Amino acid sequence: MNIESSLKSAIKQALSALFQVEEEVVLQPTKSDFEGNYTYVVFPLVKQLRKSPADIANAIADYLKTNTNYIKSYNVVQGFLNLVLADEVWFNTLNGILAEESFGVLPKNNQSVMVEYSSPNTNKPLHLGHLRNNFLGFSVSRILEANGYDVVKTCLVNDRGVHICKSMWAYQQFGNGETPESSGLKGDHLAGKYYVIFDKHYKVEIEALVKGGLSEEEAKKNAPAMKAVQEMLIKWEQGDEETIALWRKMNDWVFAGFNETYQKIGVSFDKTYYESNTYLLGKDIVEEGLAYGVFFKKDNGSVWIDLKEEGLDEKLVLRADGTSVYITQDLGTTDLKFKDYNISKAIWVVGNEQDYHFEVLFAIMKKLGRNYADGCYHLSYGMVELPQGKMKSREGTVVDADDLVAEMIETAEVTTRERGKIDDFTKEEADALFRMIALGALKYFLLKVDPKKKMLFNPADSISFEGNTGPFIQYTHARICSILRKAASQGLEASSKVKVVDINKYESDLIFVLNDYPNAVKKAGEEYEPSAIANYVYELAKSGNQFLQNVYVMHEEDLGKKLFRLALIKSVSETIRKATALLGIEVPNRM
RNA sequence: GGAUCCGUAGCUCAGCUGGAUAGAGCAACAGAUUUCUAAUCUGUGGGUCGCAGGUUCGAAUCCUGCCGGGUUCACCA
C-alpha cells in the first residue's frame with residue numbers, strides 16, 4: 001500500500017473516531033519552507049466542529065501518534081497539520097517499489113483504444129508540426145498501455161485529392177523523369193519539390209490573368225494549371241491508367257521517405273488507413289441518417305444535419321451533386337475503425353484548428369445513435385510557432401523534420417565530444433548515443449508543454465541540453481548507472497530489500513517523488529497529457545541529482561546505509577527509464 | 001460578429017478537483033570540482049498571476065463582465 005493512501009485512511013479513521021465525521025481526506029505535499037512530508041488542511045472542519053484549527057490539528061496528530069506508527073513528528077501552523085513520516089514508512093515504501101517489477105503500470109483493463117496520429121499528406125515532407133503530433137500520439141499510446149489498455153496505433157494517410165494532383169501535375173510537366181535515385185532526394189522531399197514548383201507556376205499564371213483584367217478569384221479558378229489539376233483529379237477518380245500509375249509511383253516514393261523518417265524518430269503504427277480507400281465511405285451513413293430523419297435534404301438535393309440544439313449549426317454532409325465532403329469520409333472512417341477493431345475508445349491526435357470539425361463529427365455520431373460516440377476523443381493540440389511567427393510553407397519558414405533531426409544529432413555529437421567522456425566508444429555506440437540524446441532533447445522539448453497550448457519553438461532553447469531538458473534527465477540516469485557499475489565492481493549489488501537505517505531529507509524526498517510515479521501515470525492517462533509525465537520525470541531527475549551531489553553513496557562506511565542508497569538510486573534510475581519510455585525517450589547507461 | 005482556446009518573472013513554461021510567503025528552467029550575478037559523470041549542485045536579484053467585480057474563513061485556481069491574442073464558423077481537406 002502506498003504512503004499516501006495509508007495516511008489518508010489513517011486520518012479518515014481519526015476523524016471518525018475523534019469527531020464522528022466522514023470526510024474525504026485530501027493531502028498535499030508540504031511546502032519546502034516547513035518541516036514535513038504531507039500536509040493536511042483542517043480549515044474545512046473548523047465551522048462544522050466549532051473548534052479552533054490548532055485544536056483539531058493537534059487532536060488528529062495525537063491520534064495518529066498513538067494509534068499508528070506512521071508519524072515521526074508533526075507541527076501545526078495555523079490550520080495546517082504538517083506530518084513527518086517515520087523512517088519505517090519510507091523503507092516499506094521503497095521496498096514495495098523495489099519488489100514491483102512493473103511499478104507504475106496498472107493491470108490490464110480488457111479495453112482497447114485506438115490512437116490515430118501523424119496523418120500526413122503525401123505531397124510534402126513532414127515538418128515540425130508533424131513531429132509534435134507524432135510524439136504526442138506515440139506517447140499517449142504508451143501512456144494508455146501503462147494504464148491498462150490495449151492500444152491500436154493508426155495512421156490515416158491523406159493520399160488523394162487536389163493537393164496530391166498538384167505535385168503530380170507539376171512533376172508530369174517539369175519532372176524530366178527525375179527519381180529519388182537520380183536526384184539523391186528522399187522521396188517525400190522530391191514530391192514536395194514539385195508541390196512548390198506547382199505553386200510558383202500557378203502564381204505566375206494568376207498574376208498574368210489579373211493583369212489581363214480578371215479578378216483574383218476568377219484568375220485562381222481559371223488558371224490553366226488549376227484546370228489541368230482538376231482534370232487530373234477527375235481522371236484519377238475514373239481510374240485512368242496513366243494517372244493512377246503516376247500516382248502510385250510518386251506515392252511510393254513518399255511512403256518510402258516517410259517510413260525512413262518514422263523509423264529515425266522512433267514512432268510506428270499497427271495499422272495504416274489510406275484515404276484513397278476510405279474516401280467513398282460514409283455515403284451509406286448519409287442514407288441511414290436520411291432514413292431515420294436525422295439528416296434532411298434541401299431543394300437542390302444537398303443533405304444536411306441540424307445541430308442547433310447541440311449549440312452548433314447546420315452542417316452539410318453531402319453535396320448537391322452527390323459527392324462527399326470531408327466530414328462524410330470521417331463518418332465512414334469512424335464506423336470502419338469500430339468495425340475493424342473491438343475498441344471502446346478512439347482518439348484522434350489532430351491540431352486544434354479542427355476543433356469544430358470534431359465537435360460536429362461526434363455530435364453527428366451521437367445523433368445517429370452510435371453507442372461508441374462517448375468514447376470518441378479529439379486530442380487537440382496547439383500549433384508550433386517560431387520566433388518570427390507561424391510556419392508558412394509558401395514563405396519557406398517551415399522547419400523540416402528531417403533537417404531538424406539531423407541538426408540535433410550534429411549538435412548532440414559536438415556537445416558530447418566536448419565532454420570527452422565516451423572516447424572509448426565504438427563508432428556504432430557513439431552514433432547510437434548521439435541519436436538518443438538528439439531525439440531525447442527534441443521529444444522532451446515538444447512534450448513537456450501542455451498539448452492543448454500553442455508552443456514556441458525557439459531553436460536556441462530547443463537544442464539546449466541543460467536544465468529542464470531531455471538530456472538532463474538522460475544524464476541523471478547515466479550518472480546513477482556509473483555509480484551502480486562502480487558498486488558492482490566492488491561486489492556490491494543494489495539489494496532488492498533494504499533494512500531500516502537513519503534516513504536524511506534527501507533520501508526521504510527522493511522516495512516521496514518515487515512514490516508519486518503511479519499518480520503521474522494515472523493523471524497522464526486520464527487527461528491524455530504526456531506533459532504530466534515529462535514534468536514528473538524532471539522532478540525525479542532533479543531530486544536525484546540533488547541527492548547525488550550531496551550524498552556520496554560509495555563513501556558511506558556503514559554497509560547497511562550504502563546498500564540502502566544503492567537500492568534507492570537504482571530505483572530512481574529504473575523509474576526514470578520507465579517514465580521516459582512513456583514519452584518515447586530512451587536513456588543511455590553512459591553519456 | 002458567433003463559437004472556442006489562451007493570457008503567470010526579461011524569455012520559455014509548471015501550478016488550475018480553491019489553501020501557507022505563487023514555483024522551475026533559461027538569461028544575469030556570486031559560489032562549489034585532490035571526492036561515485038560539473039550535461040551537475042548551492043545561493044542572490046527578478047511578479048499588481050491581463051483588468052474589474054463577485055462567491056468565502058481563504059482565489060493564479062470557481063462565476064460574471066471587460067481588454068488583448070490564437071483558432072474556427074466553405075457544397076476546401
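Computed over heavy atoms, backbone and side chain alike; hydrogens, waters and symmetry mates excluded. First the proteins, then the strands, lettered A, B, ... as listed; each starts at 1. Note that the structure is predicted; figures quoted are calculated from it, not measured.
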Could you state the atom-to-atom distance from [atom1] of [X] to [atom2] of [N] in whole Å?
{"X": "A:Y475", "N": "B:U40", "atom1": "OH", "atom2": "C1'", "value": "4 Å"}
{"X": "A:Y273", "N": "B:A77", "atom1": "OH", "atom2": "C1'", "value": "20 Å"}
{"X": "A:F80", "N": "B:A20", "atom1": "CZ", "atom2": "C1'", "value": "4 Å"}
{"X": "A:Q78", "N": "B:C57", "atom1": "CD", "atom2": "C1'", "value": "11 Å"}
{"X": "A:F43", "N": "B:U56", "atom1": "CZ", "atom2": "C1'", "value": "13 Å"}
{"X": "A:E539", "N": "B:G15", "atom1": "CD", "atom2": "P", "value": "11 Å"}
{"X": "A:M226", "N": "B:C76", "atom1": "CE", "atom2": "C1'", "value": "11 Å"}
{"X": "A:F547", "N": "B:C41", "atom1": "CZ", "atom2": "P", "value": "14 Å"}

At 4.0 Å (heavy atoms only), tell me whether [X] reaches a base, stays on the sugar-phosphate, or touches nothing.
{"X": "A:H555", "result": "base"}
{"X": "A:V551", "result": "base"}
{"X": "A:N458", "result": "nothing"}
{"X": "A:L312", "result": "nothing"}
{"X": "A:T416", "result": "base"}
{"X": "A:F472", "result": "sugar-phosphate"}
{"X": "A:M383", "result": "nothing"}
{"X": "A:P53", "result": "nothing"}

For the side chain of [X], starting at C-beta, report the closest nucleotide among [options].
{"X": "A:L548", "options": "B:C36, B:A39, B:A38", "result": "B:C36"}
{"X": "A:K47", "options": "B:A77, B:C57, B:C41", "result": "B:C57"}
{"X": "A:S482", "options": "B:C36, B:C41, B:A14", "result": "B:C36"}
{"X": "A:V325", "options": "B:A77, B:G15, B:C36", "result": "B:A77"}
{"X": "A:K452", "options": "B:U21, B:U40, B:C6", "result": "B:C6"}
{"X": "A:L456", "options": "B:U37, B:U12, B:A77", "result": "B:U12"}
{"X": "A:N158", "options": "B:G15, B:A77, B:C73", "result": "B:A77"}

Distance test, side-chain N/O of [X] to OP1/OP2 of [N], below 4.0 Å:
{"X": "A:K31", "N": "B:A22", "result": "no"}
{"X": "A:Q474", "N": "B:A39", "result": "no"}
{"X": "A:K453", "N": "B:A14", "result": "yes"}
{"X": "A:K421", "N": "B:A39", "result": "yes"}
{"X": "A:R479", "N": "B:A38", "result": "yes"}
{"X": "A:R319", "N": "B:A74", "result": "no"}

Measure the acute angle between the ring planes of [X] and [Y], then classify it against the limits of 30° and 60° as parallel, tilted or perpendicular.
{"X": "A:F362", "Y": "A:W348", "answer": "tilted"}
{"X": "A:Y517", "Y": "A:Y536", "answer": "tilted"}
{"X": "A:W247", "Y": "A:W236", "answer": "perpendicular"}

Query raised in the report: Which pair of heavy atoms, one from A:F457 and one from A:V384, lies closest together, and at what distance?
Result: CB-CG1, 3.6 Å

Query raised in the report: Do you know which two heavy atoms are closest between A:R577 and A:T580, and how far apart they sit?
Result: O-OG1, 3.1 Å

Query raised in the report: Among A:I285, A:L361, A:L281, A:I364, whose side chain to side chain contact (heavy atoms under 4.5 Å, CB included) with A:T334 holds?
Result: A:L361

Report task. Evaluate whether atom CD of A:Q388 has more than 12 neighbouring non-hydrogen atoms of other residues, nucleotides or ligands under 6.0 angstrom away. Result ->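 Enclosed.
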
Query raised in the report: Is the base of B:A20 touched by the side chain of A:N82 through a donor-acceptor pair closer than 3.5 angstrom?
Result: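 Checked by distance alone, the answer is yes.
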
Requested in this report: Examine the base of B:U72 for any acceptor or donor lying under 3.5 Å from a partner atom in the side chain of A:E353, and report the outcome as yes or no.
Outcome: no

**Report entry** Nucleotide-level pairing of RNA chain B, given in dot-bracket where Watson-Crick and G-U pairs need both distances under 3.5 Å and | marks other strands
**Finding:** (((((((..((((.....[...)))).(((((.......))))).....(((((..]....))))))))))))....

Heteroatom pairs (N/O) under 3.5 angstrom, protein to nucleotides 25-27 of chain B:
unit_1: B:G25; atom_1: O2'; unit_2: A:N468; atom_2: N; d: 3.3

Requested in this report: Using heavy atoms and a sub-4.0 Å distance, could you list which residues of residues 525-533 of chain A are near RNA chain B? By number, please.
Outcome: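 Listed by number, there are none.
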
Query raised in the report: Think A:R132 forms a cation-pi with A:Y381, using NZ or CZ under 6.0 Å from the six-ring centre and within 45 degrees of its axis?
Result: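 The answer is no; the distance or angle limit is not met.
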
Query raised in the report: Going by ring centres under 5.5 Å and near-parallel planes (under 30°), is A:Y552 stacked on B:C36?
Result: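 So yes, this residue stacks on that base, both cut-offs being met.
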
